[in-house]
Amino acid sequence: MILKKIVIAYLILCVTIAAAQGKKARIIEDFNKNWNFKLGDHPDAIQANFSTADWRTLQLPHDWSIEGAFDKDSKTKQAQGFLPAGKGWYRKTFTVPASFKSKTISIEFDGVFKNSEVFINGHSLGIRPNGYISFSYDLSAFLNFGQPNIIAVKVDNDAQPNSRWYTGSGIYRNVRLVIAEKLHVAEWGTFVTTPEIYKEKALVHLEVEVKNDSDREKEFILVSTIFDKNNDDVAEVQATGKIAANSSSKKIQDFTLKKPKLWNTENPYLYKIITKIYEKGELADNYETPLGVRFFDFDAEKGFSLNGKPTKILGVCLHHDNGALGAVENIHALKRKLVLMKEMGVNAIRMSHNPHSLEMMQLCDEMGFIVQDEAFDVWKKKKVTNDYNKDWDAWHKKDLEDFIKRDRNHPSVMMWSIGNEIREQFDSTGIAITKELAKIVKSLDITRPVTSALTENVIEKNFIYQSGALDLLGFNYKHEDYKDFPTRFKGQKIIASESVSALETRGHYDFPADGIKAWPPKHGAPFDGNADWTVSAFDQVKSYWGATHEENWKTIKKQDFMAGTFIWTGFDYIGEPDPYPYPARSSYFGIVDLAGFPKDVYYMYQSEWTTKPVLHIFPHWNWKAGQEVDVWAYYNNADEVELLLNGKSLGKKSKQNDDLHISWRVKFEPGTLKAISRKNGKVVLEKEIHTAGEAFKIDLLADKKVIKNDGYDLVYVTVSITDKDGSLSPTANDLINFEVSGGGKLVGVDNGYQANLDSFKANSCKLFNGKCIAIIQSIGKRETIKIKASTGSLPFSTIEVKVD
């Protein structure tokens with residue numbers, strides 16, 4: 001009889017749960033639209049009767065710094081690209097239905113730079129100094145249900161300088177309103193690990209923090225289901241529990257996942273876990289957790305392996321800005337950036353030097369990038385006057401905990417970096433702080449190693465290393481010392497956390513191209529730079545602390561013990577325009593320029609880091625008659641390359657020893673430069689460069705034919721001038737004027753030139769070395785976008801993009 005009652009009760013439970021399966025208790029609402037904004041300090045904006053008649057109406061994410069003018073005397077200085085900072089206020093009126101009065105309503109900010117304070121109906125919800133950390137507030141106690149509510153956000157980025165690179169200013173990442181029942185999964189309330197992985201099965205371990213915001217005890221049923229890529233459920237666990245009023249409770253759920261498909265960089269297979277809470281047969285909450293099944297290892301002798309396969313980490317460092325969009329986070333801009341990196345052969349991203357966006361982490365999961373997730377550029381000792389050192393004592397523990405909790409479910413994350421080039425490595429205070437930070441990380445996640453990007457490789461001088469708290473040693477630069485590391489750091493696991501810092505301007509070439517220069521040769525020393533603030537795109541100029549791309553990669557590829565390298569940087573970024581002063585305002589370090597156009601060295605990596613056939617010859621072929629021009633070729637999958645000028649062979653060449661390119665010195669004559677790569681005598685690839693004739697037309701190329709009408713989607717239009725045969729005019733610098741109509745608007749322009757002081761928000765852009773980019777954003781209107789580009793000397797061109 002007892003068994004019969006148990007079976008009946010279980011069947012009733014299953015029927016009740018099944019009936020509730022179609023419901024969705026948690027509501028996540030896009031909260032980005034219809035904000036008012038004004039620069040300056042406006043403390044009265046928290047009042048209900050405050051007038052915003054003279055404020056702008058805009059959509060978040062928003063960065064007011066990128067909208068400003070470059071100013072040599074800006075308080076942000078060279079490091080942040082001479083763009084303005086200051087203070088600003090955001091304000092929004094919204095209504096919550098009276099029927100939601102029994103629910104918990106929270107607002108989630110993915111990032112506000114910086115020193116934010118949030119008010120709801122005049123009540124301060126709190127402050128958050130750190131501009132890179134995601135945070136949320138419970139609004140429930142202060143809402144006027146069924147009536148208008150006023151949310152106001154103060155942003156104070158006035159104390160400058162506070163960074164060594166461009167930060168942006170404002171609510172620059174996404175904002176959401178989350179409506180949940182009083183009984184729900186807490187924010188970042190799940191933690192999934194895969195402690196045992198075999199070919200036939202994997203053990204999946206899930207911790208769930210259940211939160212009860214009500215004033216009475218509650219009983220609940222917790223159901224977690226694993227879904228595969230096709231959205232089929234493949235494993236499920238149920239549990240019951242009780243939770244006291246106004247408290248939290250942790251539940252453990254273990255699954256057996258049969259024949260798991262593993263996440264890796266070539267096939268980043270993703271599962272997801274949907275956790276549902278039921279109360280009295282009704283669905284109370286649903287919460288999604290990403291799941292990637294993978295295992296990895298760092299070894300002191302063999303380097304890195306993923307799922308048991310030796311894998312070199314081929315990484316780049318990326319800052320958080322998105323070129324002409326500034327700090328504004330947009331998933332479409334990020335995806336364009338990551339696609340370019342993936343096609344280059346990159347399999348890893350270092351999040352320099354602070355937490356990046358939620359969308360960035362999601363894309364790395366989906367696209368198959370190994371992530372070094374980094375928390376801090378500064379501890380207690382400052383690097384610039386008003387940086388994070390001022391908030392360290394009060395906030396570092398909270399910031400680090402929230403950083404780990406938000407990102408620890410992402411399978412792409414395989415290293416926690418607690419710091420970059422931290423000043424405390426040079427004195428004994430570094431020992432205690434390193435131990436403290438490592439302990440915080442381990443209290444929340446023991447599945448990944450703790451690392452830090454170090455600059456000092458002399459043991460006696462490095463107190464972060466002496467702490468003994470690092471699982472993985474990250475070293476920045478000094479590639480010539482790598483060969484000695486197995487002896488110097490015996491038994492230690494090592495990665496080149498930052499390397500190269502070579503300098504190039506896309507499409508600019510200085511001759512001769514043989515020989516390596518350091519600009520400057522040492523800190524503060526004079527150097528023979530270019531009058532137009534350019535640097536040759538041949539891989540021959542580096543920072544005094546760094547290396548050329550070829551020097552570094554030749555070293556890394558020979559060292560089996562090195563887990564890999566992170567190149568500084570994948571993309572140019574705003575600020576830190578070494579080696580030049582004003583008017584240079586963005587970096588020269590990128591493999592891809594700020595507009596998203598690859599520099600020539602991109603193809604060196606592609607030839608080394610991918611197996612697809614590569615043949616890239618440069619420079620362009622528009623020079624003075626008789627001028628001696630160095631011609632370089634990057635290639636792979638071939639034994640040799642033959643170079644021909646106007647059909648006449650200039651000889652065949654092959655890479656010798658550890659060469660990464662081949663070269664010819666050619667006297668220029670106009671016509672066609674052709675390269676042919678061969679393997680075993682058979683042609684692999686052919687590439688031609690033509691001398692461009694007189695400018696004939698404006699060429700427009702959109703990276704998408706259709707975009708969504710969601711108000712976020714982007715299309716990048718490459719603009720160039722070509723001759724009548726379609727050859728790029730490689731030195732064209734015409735001013736291009738843009739007109740955009742229909743379902744889109746122009747949100748950014750750029751040409752990749754590091755000393756371009758024209759606004760990123762202008763309606764025109766000068767070509768630089770033949771190219772510029774126009775960025776068009778959907779405005780939520782389903783109407784074909786028409787882009788018109790014109791210049792005074794040529795017929796205008798148009799292109800259309802459909803809006804779906």
Side-chain angles (χ1 to χ4, degrees), residues 262-270 292 294-299 302-320 334-335 337-357 360-375 407-408 410-417 420 447-453 471-477 479 482 493-500 549 552-553 555-557 559-571 589-592 602 604-606 608-611:
L262 301 187
W263 185 100
N264 59 48
T265 55
E266 291 83 28
N267 180 26
Y269 194 94
L270 287 174
R294 84 287 185 270
F295 59 96
F296 60 90
D297 182 55
F298 290 89
D299 184 85
K302 299 177 182 178
F304 178 77
S305 64
L306 179 59
N307 300 327
K309 178 183 176 182
T311 303
K312 204 76 163 178
I313 289 176
L314 309 174
V316 293
C317 302
L318 291 178
H319 270 313
H320 76 294
L334 291 177
K335 190 165 186 178
K337 185 185 292 186
L338 292 177
V339 165
L340 278 163
M341 294 293 96
K342 199 74 174 178
E343 290 176 350
M344 188 182 102
V346 172
N347 66 11
I349 306 292
R350 178 181 175 216
M351 303 299 176
S352 313
H353 292 297
N354 293 94
H356 283 223
S357 69
M360 184 66 160
M361 308 310 298
Q362 291 169 339
L363 285 172
C364 287
D365 289 347
E366 293 168 9
M367 297 175 69
F369 289 97
I370 296 162
V371 168
Q372 181 174 124
D373 216 357
E374 194 153 78
D407 288 354
R408 62 185 177 177
H410 292 286
S412 56
V413 177
M414 298 189 194
M415 297 159 266
W416 298 118
S417 172
N420 171 65
T447 69
R448 299 170 174 95
V450 175
T451 187
S452 184
D471 306 304
L472 173 67
L473 302 184
F475 285 102
N476 291 4
Y477 306 105
H479 69 285
Y482 293 166
K493 303 165 185 179
I494 298 173
I495 190 167
S497 44
E498 186 173 315
S499 56
V500 182
H549 292 279
N552 180 72
W553 177 236
T555 303
I556 292 289
K557 68 188 294 188
Q559 312 297 338
D560 290 340
F561 72 90
M562 295 288 289
T565 187
F566 288 99
I567 308 301
W568 190 265
T569 51
F571 275 70
F589 299 122
I591 300 167
V592 177
Y602 180 95
M604 184 278 283
Y605 286 107
Q606 196 174 67
E608 287 285 305
W609 289 4
T610 76
T611 56

Please examine the side chains of [Y] and [X], heavy atoms only from C-beta on, and report whether any two atoms are closer than 4.5 Å.
| X | Y | answer |
| --- | --- | --- |
| P310 | F304 | no |
| K337 | L318 | yes |
| H549 | M604 | yes |
| R448 | D373 | no |
| E498 | F566 | no |
| L363 | E366 | yes |
| W568 | Y477 | yes |
| M562 | I495 | no |

Apply side-chain contact (heavy atoms from CB on, under 4.5 Å) to [X] and list each qualifying residue two or more places apart in sequence or on a separate chain.
| X | answer |
| --- | --- |
| S357 | R173, E329, L334, E359, M360 |
| A375 | L400, F403 |
| N307 | L262, N264, R294, F295 |
| S417 | Q372, E374, T451 |

Tell me, please, which residues at least two apart from [X] pass side chain to side chain donor-acceptor pair (under 3.5 Å).
| X | value |
| --- | --- |
| Y269 | none |
| H320 | none |
| S305 | none |

List the steps and the verdict of side chain to side chain contact (heavy atoms under 4.5 Å, CB included) for T565 and I313. CA-CA 6 Å; T565 187; I313 289 176; over 6 Å; no
Quick one: list whatever passes salt bridge (charged side-chain N to carboxylate O under 4.0 Å, His left out) with [X], sequence neighbours left out.
| X | answer |
| --- | --- |
| R408 | none |
| K557 | E608 |
| D471 | K442 |

Whether H319 and H353 hold their rings parallel, tilted or perpendicular, with breakpoints at 30° and 60°: perpendicular
Verify side chain to side chain contact (heavy atoms under 4.5 Å, CB included) between I494 and F475, making sure each step is shown before the conclusion. CA-CA 8 Å; I494 298 173; F475 285 102; 4.0 Å; yes
Say you draw a straight line from OG1 of T611 to CD of Q606; how long is it, rounded to the nearest 0.5 Å?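 Reported to 0.5 Å precision, the distance equals 10.5 Å.
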Taking every non-hydrogen atom, the tightest pair across [X] and [Y]:
| X | Y | value |
| --- | --- | --- |
| I591 | Y602 | CG2-CA, 3.5 Å |
| W263 | I370 | CH2-N, 4.4 Å |
| S499 | Y482 | CB-OH, 4.4 Å |
| I349 | C364 | CG1-SG, 4.3 Å |
| D365 | P268 | O-CB, 3.4 Å |
| G564 | I556 | O-CD1, 4.3 Å |

Okay, side chain of R350, backbone of S497: is any donor-acceptor separation there less than 3.5 Å?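 Yes.
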Side-chain polar contacts of residues 341-348 - donor-acceptor pairs under 3.5 angstrom, sequence neighbours left out - could you list them?
unit_1, atom_1, unit_2, atom_2, d
K342, NZ, T265, O, 2.9
K342, NZ, M367, O, 3.0
K342, NZ, G368, O, 2.7
N347, OD1, L314, N, 2.7
N347, ND2, K312, O, 3.0

Only counting residues at least two apart or in another chain, list the ones meeting ring-ring contact (aromatic ring centres under 6.0 Å, His included) with W553. W609
Could you check V371 against M351 for side chain to side chain contact (heavy atoms under 4.5 Å, CB included), going step by step and ending with a plain yes or no? CA-CA 7 Å; V371 168; M351 303 299 176; 3.9 Å; yes
Check the pair D560 / K302 against side chain to side chain contact (heavy atoms under 4.5 Å, CB included), numbers first and verdict last. CA-CA 6 Å; D560 290 340; K302 299 177 182 178; over 6 Å; no
